[in-house]
Amino acid sequence: MSLKVYNSYSRQKEEFVPITPGHVGMYVCGPTVSGESHLGHARPYITFDVLFRYLTYKGYKVRYVRNITDAGHFEEEGREAEDKVGKKALLEKLEPMELVQKYTNLFHWAFKQFNCLEPSIEPTATGHIVEQINMIKKIIEEGYAYEVNGSVYFDVKKYAAGHDYGKLSGRIIDDLLSTTRELDGQEEKRDTADFALWKSAAPEHIMRWSSPWGEGFPGWHIECSAMATKYLGAEFDIHGGGMDLQFPHHESEIAQSTICNHTSPVKYWMHNNMITINGKKMGKSYNNVIKLTELFSGDHPLLTQAFSPMTVRFFILQSHYRHPLDFSSEALVASEKAFKRLWEAYEVLQKLRLPETGEGQIDEALESRVLNWLSEFEEFMDDDLSSPKVIANMFELAPVINSLKDGLIPTGALAASTIRLMQEKFHTFLEDIFGLHSENSANNNMLKGVMQLLIDIRKEAKNKKDFATSDKIRNQLTEIGILLKDEKDGGMSWNVN
RNA sequence: GGUCCUUUGGCCGAGUGGCUAGGCAAAGCUCUGCAAAAGCUUGUACAGCGGUUCGAAUCCGCUAGGGACCUCCA
């Protein structure tokens with residue numbers, strides 16, 4: 001079966017065929033480490049983490065490059081040539097690189113909580129100034145950039161004459177060129193649609209590098225072009241990022257790389273949609289940001305409780321990555337419960353007793369439904385990563401699993417091979433591909449031993465119909481957050497809430 | 001203003017022409033010493049109006065609401 005992905009560039013689903021058979025080059029726009037990551041950032045990195053995992057599952061050798069933007073861009077291009085990172089550093093009285101390090105560490109910490117795999121290469125913008133300068137030089141040589149007062153701009157009009165600037169983001173070039181917006185500093189540009197490749201640094205500017213055009217710093221878009229070219233080549237398979245980066249960032253990236261490398265850089269452009277809050281995009285300018293640390297601690301006016309990383313990951317996977325996802329505490333609570341129920345069914349499944357040969361009669365109808373649900377896992381993922389549908393099927397299977405365990409469905413109703421397949425598929429999709437894991441923090445042997453002791457005492461009490469003792473044990477455990485459940489067969493299980 | 005997207009049951013959220021998505025919540029039942037968990041059953045939703053069609057949540061048009069991008073943004 002073959003994977004189909006939605007290509008933003010062609011605006012349709014296309015069969016995924018890598019440029020080099022067996023290998024995939026994937027670039028994802030990483031974070032700007034001038035501040036703390038928020039819930040909105042979780043979506044692209046989890047989405048593309050799943051894609052990375054899925055491609056790997058499909059047997060591809062994937063080189064996953066995700067940059068760290070630590071050089072900072074303009075707060076408002078053309079208006080105040082302010083380096084975002086530099087400015088905040090002054091306020092916090094930190095060295096710029098100290099600030100960058102702090103937020104990079106925090107970013108890494110948060111996404112480790114989310115169980116995101118580390119990219120193959122995580123290049124930084126500041127570490128690739130030379131590559132960026134070389135690329136700009138090349139673009140000037142090609143005649144598509146010009147220097148003014150120590151800054152270098154990309155000539156969009158000239159580019160658009162021979163290329164389809166605006167195709168990715170659905171812009172009409174004439175509209176872009178005729179924009180009448182008045183911005184200070186625009187007079188340097190030949191055209192308002194032009195964008196900076198290199199900016200001359202004002203004296204107070206902290207982050208600065210020498211270049212053939214004087215002291216300055218790179219434009220925002222050039223870093224991705226330079227680093228993607230360096231590590232993935234002039235032409236690579238997948239470029240991912242948030243929808244809000246389509247224009248101008250990715251559009252400009254295409255233009256720069258195309259001129260520099262004489263080929264269109266990316267085969268498949270993939271964009272995730274936004275996380276909204278009350279219908280509005282989560283973003284600094286809207287003042288509706290929930291930082292990841294706040295999410296994990298529950299310390300935010302919009303949160304009724306803390307939410308674990310796995311709950312958030314599951315929440316994100318329950319919707320399709322190209323659709324907007326509206327956040328609310330209620331929605332997260334629902335996902336938390338759903339995830340818990342699914343995970344418990346998964347754990348039950350892994351411990352399910354396999355039927356002996358000839359034990360009971362196979363329920364053909366059930367068997368074929370189960371096999372169908374299982375085979376759809378991959379089918380759905382192949383269809384542009386339809387994780388919500390896979391999860392829906394898992395929930396169809398959960399009652400089957402629980403009923404097998406409780407004896408409501410006889411053990412022999414499903415063939416041993418079917419149950420084994422179910423175990424395998426759940427493991428593969430839930431853990432390897434979706435990247436989910438147990439949140440049961442009680443995985444230490446000492447607690448297990450203590451719990452076994454309590455369970456034994458409670459069983460004895462129950463056998464003696466000493467319900468006062470048995471209830472005391474259960475109730476007090478409940479109070480400290482351990483849930484004890486009586487099983488149908490007289491056994492007991494427990495989990496930490 | 002320009003370009004594009006979207007509007008599904010109490011809530012979240014799949015779904016692009018005909019077949020029950022799913023989750024959470026709610027109600028009833030079964031199991032249980034009681035409870036929890038689990039299982040079973042129940043909802044007949046697709047913004048409004050009109051059109052195409054044998055048939056539309058799904059295609060087209062209009063109206064209304066929401067949103068994204070056009071500026072740093074995941």
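First the proteins, then the strands, lettered A, B, ... as listed; each starts at 1.
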### Query
Under 4.0 angstrom, heavy atoms only, what part of the nucleic acid is A:Arg369 near: base, sugar-phosphate, or nothing?
nothing
### Query
What is the nucleic acid contact for A:Tyr45, judged by heavy atoms within less than 4.0 Å: base, sugar-phosphate only, or nothing?
sugar-phosphate
### Message
Please classify the nucleic acid contact of A:Asp326 as base, sugar-phosphate, or nothing, using heavy-atom distances under 4.0 Å.
### Response
sugar-phosphate
### Message
Strictly below 4.0 Å: does A:His249 bring a side-chain N or O up to OP1 or OP2 of B:A74?
### Response
no
### Proximity to the side chain of A:Phe395 - top-ranked nucleotide from B:C70, B:G33, B:G22
B:G22
### Task
Report the C-alpha distance between A:Ile254 and A:Trp269 in whole Å, list the side-chain angles of each, state the deciding distance to 0.1 Å, and finish with yes or no for side chain to side chain contact (heavy atoms under 4.5 Å, CB included).
CA-CA 11 Å; A:Ile254 292 175; A:Trp269 281 94; 3.4 Å; yes
### Message
Need the pair for B:G50. Rule: Watson-Crick or G-U wobble, both distances under 3.5 Å, any strand; none if unpaired.
### Response
B:C60
### Query
Looking at B:A36, does its base get a donor-acceptor pair with the side chain of A:Asp486 below 3.5 Å?
no
### Query
How far does the C1' atom of B:A38 sit from the matching atom of B:A74, given to the nearest Å?
40 Å
#### Entry: Rounded distance (Å) that lies between atom P of B:C19 and atom CG of A:Asn372
18 Å
### Task
Locate the shortest heavy-atom distance separating A:Val266 from A:Ile238; write the atom from each residue and the value.
CG1-C, 4.3 Å
### Message
What's the gap between B:C60 and B:G1 when it is taken at their C1' atoms, as a whole Å value?
### Response
27 Å
### A:Leu385 CG to B:A14 P, straight-line distance once rounded to whole Å
14 Å
### Message
Tell me whether the side-chain N/O atoms of A:Asn402 come closer than 4.0 Å to OP1 or OP2 in B:G39.
### Response
yes
### Selection from B:C34, B:G22, B:G15 that lies nearest to any side-chain heavy atom of A:Asp471
B:C34
### Query
Nearest-Å distance, NZ (A:Lys485) to C1' (B:C31)?
15 Å
### Query
Do we get A:Arg66 above A:Tyr27's six-membered ring, with its NZ or CZ under 6.0 Å from the centre and within 45° of the axis?
no
### Message
Whole angstroms only, please: what is the CG-P distance between A:Asn475 and B:G33?
### Response
17 Å
### Query
With sugar-phosphate meaning primed atoms plus P, OP1 and OP2, does A:Gly283 contact a base, only sugar-phosphate, or nothing at under 4.0 Å between heavy atoms?
nothing
#### Entry: Whole-Å gap separating C1' (B:A74) and OH (A:Tyr27)
14 Å
### Task
May I ask you to say what A:Ile275 touches in the nucleic acid, namely base, sugar-phosphate or nothing, with a heavy-atom cut-off under 4.0 Å?
base
### Message
Counting only Watson-Crick pairs (N1-N3 plus N6-O4 or O6-N4) and G-U wobbles (N1-O2, O6-N3), all under 3.5 Å, who is the partner of B:C34?
### Response
none
### Query
NA contact type, A:His271, heavy-atom cut-off 4.0 Å: base, sugar-phosphate, or nothing?
nothing
### Query
RNA chain B: A:Leu483 or A:Ala338, which has the more 5' nearest nucleotide?
A:Ala338
### Task
Check the distance between B:A14's P and A:Tyr321's OH and give it to me in whole angstrom.
13 Å
### Query
At what distance, to the nearest 0.5 angstrom, does OG1 of A:Thr32 lie from CD1 of A:Ile68?
9.5 Å
### C1'-based separation of B:U42 from B:A47 [nearest Å]
27 Å
### Query
Rounded to whole angstroms, how far apart are OH on A:Tyr165 and C1' on B:C70?
11 Å
### Message
Distance check, P atoms only: B:G51 and B:C70, in whole angstrom units.
### Response
40 Å
### Task
Give one of base, sugar-phosphate or nothing for A:Arg474, where a contact means two heavy atoms less than 4.0 Å apart.
base
### Message
What's the gap between B:A25 and B:A36 when it is taken at their P atoms, as a whole Å value?
### Response
13 Å
### Query
Looking across every strand, which nucleic acid part, if any, lies under 4.0 Å from A:Met243 by heavy atom: base, sugar-phosphate, or nothing?
nothing
### Message
Taking B:G48 as the reference, what is the distance to B:A64 when you measure between their P atoms (whole Å, please)?
### Response
16 Å
#### Entry: side-chain N/O A:Arg341 vs B:G23 OP1/OP2, d < 4.0 Å
yes
### Query
Considering Watson-Crick and G-U wobble pairs with both distances under 3.5 Å, what does B:U44 pair with?
none
### From B:G39, B:G15, B:C69, nucleotide with atom closest to A:His323 side chain
B:G15
### Query
Would a 4.5 Å heavy-atom cut-off, applied to side chains only, mark A:Pro44 and A:His271 as touching?
no
### Message
Among A:Lys340, A:Glu336, A:His437, A:Gln113, which residue satisfies the side chain to side chain contact (heavy atoms under 4.5 Å, CB included) criterion with A:Met310?
### Response
A:His437
### Query
Using atom P of each nucleotide, how far apart are B:C31 and B:A26 to the nearest Å?
22 Å
### Message
Measuring only the P atom in each nucleotide, how far is B:G22 from B:U41? A whole number of Å is fine.
### Response
11 Å
### Query
Within 45° of the axis and under 6.0 Å from the centre of the six-membered ring of A:Phe434, does NZ or CZ of A:Arg313 qualify?
no
### Interatomic distance, A:Leu168 CG vs B:C4 C1' [rounded to whole Å]
13 Å
### Task
Assign A:Ser470 to base, sugar-phosphate, or nothing according to its heavy-atom contacts below 4.0 angstrom with the strands shown.
base
### Query
NA contact type, A:Lys280, heavy-atom cut-off 4.0 Å: base, sugar-phosphate, or nothing?
sugar-phosphate
### Query
A:Lys281 side chain: which of B:A68, B:C34, B:G23 is closest?
B:A68
### Message
Taking any heavy-atom pair under 4.0 Å as a contact, classify A:Gln246: base, sugar-phosphate, or nothing.
### Response
nothing
### Task
Counting Watson-Crick and G-U wobble pairs only, both distances under 3.5 Å, name the nucleotide matched with B:A68, or none.
B:U3
### Message
Check this one for me: any side-chain N or O of A:Tyr286 less than 4.0 Å away from OP1 or OP2 of B:A68?
### Response
yes
### Task
Using Watson-Crick or G-U wobble geometry with both distances below 3.5 Å, tell me the partner of B:A14, or none.
none
### Task
Would you mind classifying the nucleic acid contact of A:Met282 as base, sugar-phosphate or nothing, using non-hydrogen atoms under 4.0 angstrom?
base
### Task
Specify the residue among A:Lys337 and A:Lys13 whose closest nucleotide of RNA chain B lies further upstream toward the 5′ end.
A:Lys13
### Message
Under 4.0 Å from OP1 or OP2 of B:C12: is there any side-chain N or O of A:Ser335 that close?
### Response
no
### Task
Of all the heavy-atom pairs spanning A:Met270 and A:Tyr6, show the shortest one and how long it is.
CG-O, 3.8 Å
### Query
Which of parallel (below 30°), tilted (30 to 60°) and perpendicular (above 60°) describes A:Phe296 and A:Phe114?
perpendicular
